[in-house]
J.: 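Once you've had a glance at the structure underneath, I'll fire off some questions.
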Amino acid sequence: MTRRPLYAAGLSVAISTLIAACSSNTPVTEPVADAPKNVIFFLGDGMGMTTMTAARIYSVGEDGELTMDTLPETAFVKTFSNDAQVTDSAPSMSAYMTGVKMNNEVLSMSPDTLAIDPLVDANGNKLVNNCGTKNGTPATTLLELAKAKGLSTGVVTTTRVTHATPAATYSHICHRDLENDIAAAAVPGGIGYNTGLGTTGLDVLLGGGKQFFTPFKDGGKRSDGRDLVAEMKAKNYAYASNSTEFNAIDGTKTDKLFGLFTSSHMSYDLDRDPAKEPSLAEMTTKAMDVLAKNSKGYFLMVEGGRIDHALHETTAKKALQDTVAFDNAIKAAIAKAKIADPDLKNTLIVVTADHDHTLVLNGYAKRTGKTAAGNPGVLGVVKNYVTGVPDKDLDGAPYSIIGFGNGENRTQGSRSTMASLDETVTSANTYHQEAVVRVAVGSETHGGTDVFFGAIGKGSDTFLGTIDNTKVFTLVKTASGL
């Protein structure tokens with residue numbers, strides 16, 4: 001929400017322009033600012049502002065800074081969908097990508113599109129398209145606009161590449177669960193290909209989700225027998241299925257890159273084996289190498305997708321670590337972009353989230369500093385900021401700093417049974433923080449609170465105030481000249 005004093009400079013330019021116009025027959029025209037050649041759109045799935053705050057304390061302490069905190073231009077974003085106060089990822093990311101409000105579970109379609117559940121295929125999987133022939137129309141995405149301008153495009157995620165957020169960038173469908181159809185939309189020239197991506201398709205696609213590119217007979221979930229990995233290779237994509245193969249690929253000498261590192265989602269960063277799965281930062285910077293070969297520029301979307309999944313689980317430590325991994329990818333991207341473009345005069349980098357979650361920071365906890373060996377930090381219990389002694393609830397039990405509005409772990413009855421709760425429990429990798437409202441396992445919900453938006457580089461100063469997620473599309477489109 002940064003504004004600069006433009007009045008004096010603007011008045012000087014206006015007077016000079018008026019004088020020139022009076023002394024010449026040449027029509028006065030407004031100069032057109034150069035658009036950024038490169039756009040990197042970072043999306044932390046489910047990364048509400050409380051999660052950002054907790055991740056900051058977890059990583060660098062209360063008075064530290066994440067890379068996200070240093071972005072010079074900031075705003076708040078409203079996230080409600082066409083039919084719900086609290087959005088899911090599909091319409092929220094679609095709003096960013098298309099400027100259109102749509103119903104929950106719908107991907108990059110018109111507002112009248114109904115989300116109709118898939119039918120069950122012969123193998124028992126709910127993957128059969130049941131959208132109907134007159135159920136909405138596609139809404140053009142920023143990646144499609146970029147391809148139409150001759151730019152390269154890429155999608156990087158820690159989820160399945162067919163999951164809601166990445167899918168919203170390159171596919172159009174009535175229901176996010178139709179992941180076989182979404183996978184087919186990425187294969188240039190194949191049945192179900194999204195022709196809005198031009199004849200060549202995405203230049204980079206990295207993440208998990210191999211099951212939707214693989215026939216059922218080979219352990220995947222495709223009932224049509226197609227091997228989409230083989231089809232992508234036939235379209236001249238360099239392919240990687242693990243870190244060794246990924247590291248062997250020189251991005252600066254590669255025109256098209258495709259990587260599927262897991263059958264479903266990639267591992268939480270807390271559990272990731274670097275020998276098997278590259279980090280989000282590594283995938284991001286290699287994608288930039290590939291895309292930078294295009295002199296016209298590129299549009300890259302990068303999702304830290306498993307922040308959301310850990311929050312649904314109410315395993316806060318996993319969520320915070322994935323948020324830090326996401327922030328590391330932002331840091332790496334900015335550093336890499338500045339090698340060729342030191343002042344980011346031709347690069348726009350934006351960072352936001354698609355929605356909030358119900359994570360909260362409880363009590364009047366004393367400062368903890370960052371989490372480290374011997375110090376659970378924000379993952380600990382609330383300790384009084386004067387005495388340093390654990391605070392107690394009315395049942396006489398300690399309680400954790402991080403909690404959830406709803407989740408699977410709620411004590412039934414008096415919390416006096418939790419009197420022995422301590423930080424060795426609350427800081428464990430798999431600890432599920434307590435919730436106020438009990439819901440099914442893994443079913444903690446999204447929240448409806450506004451989310452953070454940060455930007456740096458060319459055109460970033462247009463992102464101001466509290467804006468709707470559909471407005472973000474317009475501002476990115478304008479700033480990037482799409």
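For the single chain, residues carry numbers from 1 onward in sequence order.
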J.: Does Lys338 have more than 12 heavy atoms from other residues, nucleotides or ligands lying within 6.0 Å of its NZ?
T.: no
J.: Can you see whether Ser400 engages Glu434 through a side-chain donor-acceptor pair at a distance of less than 3.5 angstrom?
T.: no
J.: Might you point out which heavy atoms bring Ala186 and Leu205 nearest each other, and give the distance in Å?
T.: CB-CD2, 4.1 Å
J.: Go through the side-chain N and O atoms of Asn104 and Ser81 and say whether any donor and acceptor fall under 3.5 Å apart.
T.: yes
J.: Backbone N or O of Thr445 within a donor-acceptor pair of the Asn406 side chain at under 3.5 Å?
T.: yes
J.: Determine whether a donor-acceptor pair (N or O, by modelled atom type, separation under 3.5 Å) exists between the side chain of Asn409 and the backbone of His432.
T.: yes
J.: Quick one: sort the Phe213 and Phe258 rings into parallel, tilted or perpendicular, breaks at 30° and 60°.
T.: tilted
J.: Decide side-chain contact (heavy atoms from CB on, under 4.5 Å) for Asp255 and Lys293; before the verdict, give the C-alpha distance in whole Å, the side-chain angles of both, and the deciding distance to 0.1 Å.
T.: CA-CA 8 Å; Asp255 294 325; Lys293 294 181 66 180; 2.7 Å; yes
J.: Nearest 0.5 Å, please: how far is CE in Met68 from CG in Asp327?
T.: 4.0 Å
J.: Once rounded to the nearest 0.5 Å, what's the spacing between atom OG of Ser171 and atom CD of Glu179?
T.: 10.0 Å
J.: Apply side-chain contact (heavy atoms from CB on, under 4.5 Å) to residues Thr50 and Leu361 and explain how you reach the verdict.
T.: CA-CA 7 Å; Thr50 313; Leu361 298 179; 3.9 Å; yes
J.: First locate atom CG of Leu202, then atom OH of Tyr237, and finally report the distance between them rounded to the nearest 0.5 Å.
T.: 5.5 Å
J.: Answer yes or no: are there more than 12 heavy-atom neighbours, outside Arg438 itself, under 6.0 Å from its atom CZ?
T.: no
J.: For a quick test of reading the model, state the closest non-hydrogen atom pair linking Leu300 to Val155 and the distance between them.
T.: CD1-N, 4.1 Å
J.: Looking at Asn103 and Thr113, would you say the former's side chain and the latter's main chain have a donor-acceptor pair under 3.5 Å?
T.: yes
J.: Do Ile191 and Arg226 have side chains that approach each other closer than 4.5 Å (heavy atoms only, starting at C-beta)?
T.: yes
J.: Does this structure show an ion pair linking Lys126 with Asp177, if we count only N-O contacts that are shorter than 4.0 Å?
T.: no
J.: Take the angle between the ring planes of His163 and His265 and call it parallel below 30°, perpendicular above 60°, tilted in between.
T.: perpendicular
J.: Can you pull the disulfide bond (SG atoms under 2.5 Å apart) pairs that have at least one residue in residues 209-242, sequence neighbours excluded?
T.: none
J.: Mind jotting down which residue pairs meet the disulfide bond (SG atoms under 2.5 Å apart) criterion with at least one end in residues 126-165? Sequence neighbours excluded, please.
T.: Cys131-Cys174
J.: Please determine which of Thr98, Thr157, Thr141, Leu143 meets the side-chain contact (heavy atoms from CB on, under 4.5 Å) test together with Thr169.
T.: Leu143
J.: Between Leu145 and Phe473, is any pair of side-chain heavy atoms under 4.5 Å apart?
T.: yes
J.: Can you name the closest pair of heavy atoms from Ala55 and Val324 and give their distance?
T.: O-CG2, 4.1 Å
J.: Distance-only, no hydrogens or angles: does the Glu277 side chain make a donor-acceptor pair with backbone N or O of Ser267 under 3.5 Å?
T.: yes
J.: Check the side chains of Asn38 and Lys458 for a donor-acceptor pair under 3.5 angstrom, ignoring hydrogens and angles.
T.: no
J.: Return the minimal non-hydrogen interatomic distance between Arg160 and Pro166, and the atom names on each side.
T.: O-CG, 3.5 Å
J.: Ring centres under 6.0 Å, that's the criterion: do Tyr96 and Phe453 meet it?
T.: no
J.: Keeping Thr426 on the side-chain end and Leu379 on the backbone end, is there a donor-acceptor pair under 3.5 Å?
T.: yes
J.: Can you name the nearest heavy-atom pair linking Glu105 to Pro91, along with the distance?
T.: N-CD, 3.6 Å
J.: The test is side-chain contact (heavy atoms from CB on, under 4.5 Å); show your working for Phe246 and Leu206 and say whether it passes.
T.: CA-CA 10 Å; Phe246 178 78; Leu206 297 172; 4.0 Å; yes
J.: Please determine whether the number of non-hydrogen atoms from other residues, nucleotides or ligands lying under 6.0 Å from atom NZ of Lys370 exceeds 12.
T.: no
J.: Any side-chain heavy atom of Pro278 sitting closer than 4.5 Å to one from Met266?
T.: yes
J.: Can you list every pair that meets disulfide bond (SG atoms under 2.5 Å apart) and has a residue in residues 186-227, with sequence neighbours left out?
T.: none
J.: Is it true that Lys37 and Asp341 make a salt bridge, defined as a side-chain N closer than 4.0 Å to a carboxylate O?
T.: no
J.: Hey, is the main chain of Gly220 close enough, under 3.5 Å, to the side chain of Lys210 for a donor-acceptor pair?
T.: no
J.: Decide yes or no for Thr165 and Met301: does some side-chain heavy atom of the first lie under 4.5 Å from some side-chain heavy atom of the second?
T.: yes
J.: Looking only at the side chains, is there a donor atom on one of Asp88 and His446 sitting less than 3.5 Å from an acceptor on the other?
T.: no
J.: What I want to find out is whether Asp289 reaches Lys286 closely enough, with some N-O distance under 4.0 Å, to be called a salt bridge.
T.: no
J.: Is it the case that atom CD in Gln412 sees more than 12 heavy atoms from other parts of the structure closer than 6.0 Å?
T.: yes
J.: Do the side chain of His172 and the main chain of Ser108 share a donor and acceptor less than 3.5 angstrom apart?
T.: yes
J.: Can you find a pair of side-chain heavy atoms, one from Thr470 and one from Thr474, that are under 4.5 Å apart?
T.: no
J.: Between the side chains of Tyr268 and Glu313, does any donor sit under 3.5 Å from an acceptor?
T.: yes
J.: Is the side chain of Thr352 donor-acceptor paired with the backbone N or O of Phe452 at a distance under 3.5 Å, no angle test?
T.: yes
J.: Within the 4.5 Å heavy-atom criterion, are Leu260 and Tyr239 side-chain neighbours or not?
T.: yes
J.: If you measure from the Lys or Arg side-chain nitrogens to the Asp or Glu carboxylate oxygens, is any gap between Lys147 and Asp203 under 4.0 Å?
T.: yes
J.: How long is the gap from CG on Asp354 to CG on Leu43, to the nearest 0.5 Å?
T.: 5.0 Å
J.: His357 pairs by side-chain hydrogen bond (donor to acceptor under 3.5 Å, both in side chains) with which of Asp308, Asp45, Thr51?
T.: Asp308
J.: Taking the side chain as every heavy atom from C-beta outward, state whether Thr358 and Val437 have any atom pair closer than 4.5 Å.
T.: no
J.: Please determine, by modelled atom types, if Thr214 and Arg222 share a side-chain donor-acceptor pair under 3.5 angstrom.
T.: no
J.: If only atom types and distance count, is the side chain of Asn294 paired as donor or acceptor with the main-chain N or O of Gly150 below 3.5 Å?
T.: yes
J.: Mind running side-chain contact (heavy atoms from CB on, under 4.5 Å) on Tyr170 and Thr153 for me, showing each step along the way?
T.: CA-CA 10 Å; Tyr170 67 87; Thr153 58; over 6 Å; no
J.: Quick one: does Arg272's side chain get under 4.5 Å of Arg306's, heavy atoms only?
T.: no
J.: So, Glu303 and Thr159: side-chain donor and acceptor under 3.5 Å apart, yes or no?
T.: yes
J.: Out of curiosity, Leu71 CG to Ile456 CD1, how far, rounded to the nearest 0.5 Å?
T.: 6.0 Å
J.: Closest heavy-atom contact between Asp181 and Leu127?
T.: OD1-O, 4.0 Å
J.: Looking only at atom types and distance, does a side-chain atom of Asn429 sit under 3.5 Å from a main-chain N or O of Lys317, one as donor and one as acceptor?
T.: no
J.: Look up atom OG in Ser443 and atom NE2 in His312, then write down how far apart they are to the nearest 0.5 Å.
T.: 8.5 Å
